[in-house]
Protein chains: 2
Amino acid sequence: MMEHHADQLIFRAIADPTRRAIIDMLSSGDRSIGDIAAGFDMTRPAVAKHLAILKDGRLIDVEKRGRERIHRLRPDTLKSAASWINQFDRFWDDRLAKLKEVVEEKQ
Amino acid sequence: MMEHHADQLIFRAIADPTRRAIIDMLSSGDRSIGDIAAGFDMTRPAVAKHLAILKDGRLIDVEKRGRERIHRLRPDTLKSAASWINQFDRFWDDRLAKLKEVVEEKQ
DNA sequence: TTGACATAATACCAAAAGGTTTCGTATAAA
DNA sequence: TTTATACGAAACCTTTTGGTATTATGTCAA
């Protein structure tokens, strides 16, 4: 089951809780680095690093507007991660069905 | 949007490509550490550490059987990660619909 | 009982991650 | 034109991560 390099960048991007919080924040509207940093107890360069990693994972796009950089969540990329996770749906169903059988037997 | 510590352990567990490969491997059957290590170019202690992290994230269960430890994928835990990702479904749909509008306007 | 085997536990190492401070540059505003 | 602002980039520090090698322990098998 060979995996693409791009997938690894996505998983790396969502591995950090700060970056997931940034994703949550951007889902309610586009923001500059300063706006985002204001929501965290962290310096701007630190936030900028997180944003660079999110950009590497193609989870956000950046648009230069005047002296600001507006960060916008991409509407598609997270689906790659979702699809890996969802391949276990059949596994879950099978296992939970077996568990149900065992439980019902014991009654 | 406060997040549970347990969630962080799950994301940490799936962040590493070796651990995702182990998850894939275990989805086709339970295995001992030695079995798993045979599938990787890596020493047994290294694999054992990955398994410990997967266990912390409650993605696998371990059963002591004789002198072996059998590792079994849990059928439920990955759903927490899936649910975080899936909360963006509405966002994707909205954005893609808007993109479609823009594209059609330009034609 | 003795030897082989599966794993645990520990110590150790290099590289990556996550943060800071400092300084430089481009743009906006006075 | 001068000043303030938003950001980039680099240097640096500390902790975590992912790996190794080594040694110890418990269990099976001859």
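Just so we're on the same page: letters track the sequence lines, and every chain starts at 1.
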_Within this structure, what is the CD1-CD1 distance for the pair A:Ile85 and B:Ile23, rounded to the nearest 0.5 Å?_
9.0 Å

*Sorted by first residue and then second, give each salt bridge (Lys or Arg N to Asp or Glu O under 4.0 Å) pair with at least one member in residues 34-52 of chain A; sequence neighbours left out.*
none

_What is the distance, to the nearest angstrom, from the CG atom on B:Asp56 to the P atom on D:dT17?_
10 Å

Identify the pairs formed between an N or O of the protein and an N or O of nucleotides 8-14 of chain C at a distance under 3.5 Å, and give each distance.
from, atom 1, to, atom 2, distance (Å)
C:dA8, OP1, B:Arg69, NH1, 3.3

*Nucleotide D:dG18, atom C1' - distance to CG of B:Asp41 in whole Å*: 14 Å

*Just call it for A:Arg65: base, sugar-phosphate, or nothing, with non-hydrogen atoms closer than 4.0 Å on any strand.*
nothing

_Rounded to whole Å, how long is the line connecting atom CZ of A:Arg31 with atom P of D:dC7?_
13 Å

*asked:* List the residues meeting salt bridge (Lys or Arg N to Asp or Glu O under 4.0 Å) with B:Arg19, not counting sequence neighbours, and say none if there are none.
replied: none

_Suppose we screen for salt bridge (Lys or Arg N to Asp or Glu O under 4.0 Å). Which residues come up paired with B:Arg20, at least two apart in sequence or across chains?_
A:Glu3

*asked:* What is the separation between atom CD on B:Gln8 and atom C1' on C:dA17, rounded to the nearest whole Å?
replied: 13 Å

_Show every ring-ring contact (aromatic ring centres under 6.0 Å, His included) that has at least one partner inside residues 15-39 of chain A, sequence neighbours left out._
none

*Whole-Å distance between C:dA6 C1' and B:Asp35 CG?*
11 Å

*Paired stems touching DNA chain C, three or more consecutive Watson-Crick or G-U pairs with both distances under 3.5 Å?*
C:1-30 with D:1-30

*Nearest to the side chain of B:Ala46, which nucleotide is it out of C:dG18, D:dG19, C:dG19?*
D:dG19

*Taking only residues two or more places apart in sequence, or in another chain, which ones meet B:Ser83 in a side chain to side chain contact (heavy atoms under 4.5 Å, CB included)?*
none

_Once ring-ring contact (aromatic ring centres under 6.0 Å, His included) is applied, what residue pairs with a partner in residues 9-48 of chain B remain, sequence neighbours excluded?_
B:Phe11-B:Trp84

Just the atom pairs and distances: protein N or O near nucleotides 25-27 of chain C's N or O, under 3.5 Å.
from, atom 1, to, atom 2, distance (Å)
C:dT27, O2, A:Arg67, NH1, 3.4

*Give, for atom CG of B:Leu51 and atom CD1 of B:Ile33, the distance between the pair rounded to the nearest 0.5 Å.*
5.5 Å

_Any residue meeting side chain to side chain contact (heavy atoms under 4.5 Å, CB included) with B:Ala52, in chain and number order, not counting sequence neighbours_ = none

*Taking NZ, NE, NH1 and NH2 as the nitrogens, is one of them in B:Arg72 or B:Asp61 under 4.0 Å from a carboxylate oxygen of the other?*
no

_Test of understanding: with side chain to side chain contact (heavy atoms under 4.5 Å, CB included), list the residues that count as partners of A:Arg58, not counting sequence neighbours._
A:Ala6, A:Arg74, A:Thr77

*Taking atom P of C:dG18 as reference, at what distance in whole Å does atom NE2 of A:His50 sit?*
6 Å

*Give a yes/no answer on whether the side chain of B:Arg44 brings an N or O atom under 4.0 Å of OP1 or OP2 in D:dA21.*
no

*Between CG of B:Asp76 and NZ of B:Lys79, what distance do you get to the nearest 0.5 Å?*
8.5 Å

*Strictly below 4.0 Å, heavy-atom distances to any atom of DNA chain C: list the hits from residues 13-23 of chain B, or just say none.*
none

*OG of A:Ser32 to CZ of A:Arg69: how many Å apart, nearest 0.5 Å?*
11.5 Å

_Rounded to whole Å, how long is the line connecting atom CG of A:Leu9 with atom P of C:dA17?_
10 Å

*Return the value, rounded to whole Å, for the distance between atom CE of B:Met42 and atom P of D:dT17.*
16 Å

_If I take atom CE from residue B:Met42 and atom NE2 from residue B:His50, how far apart are they, to the nearest 0.5 angstrom?_
4.5 Å

*Which nucleotide in the set C:dA6, C:dT21, D:dT20 lies at the smallest distance from any side-chain heavy atom of A:Thr43?*
C:dT21

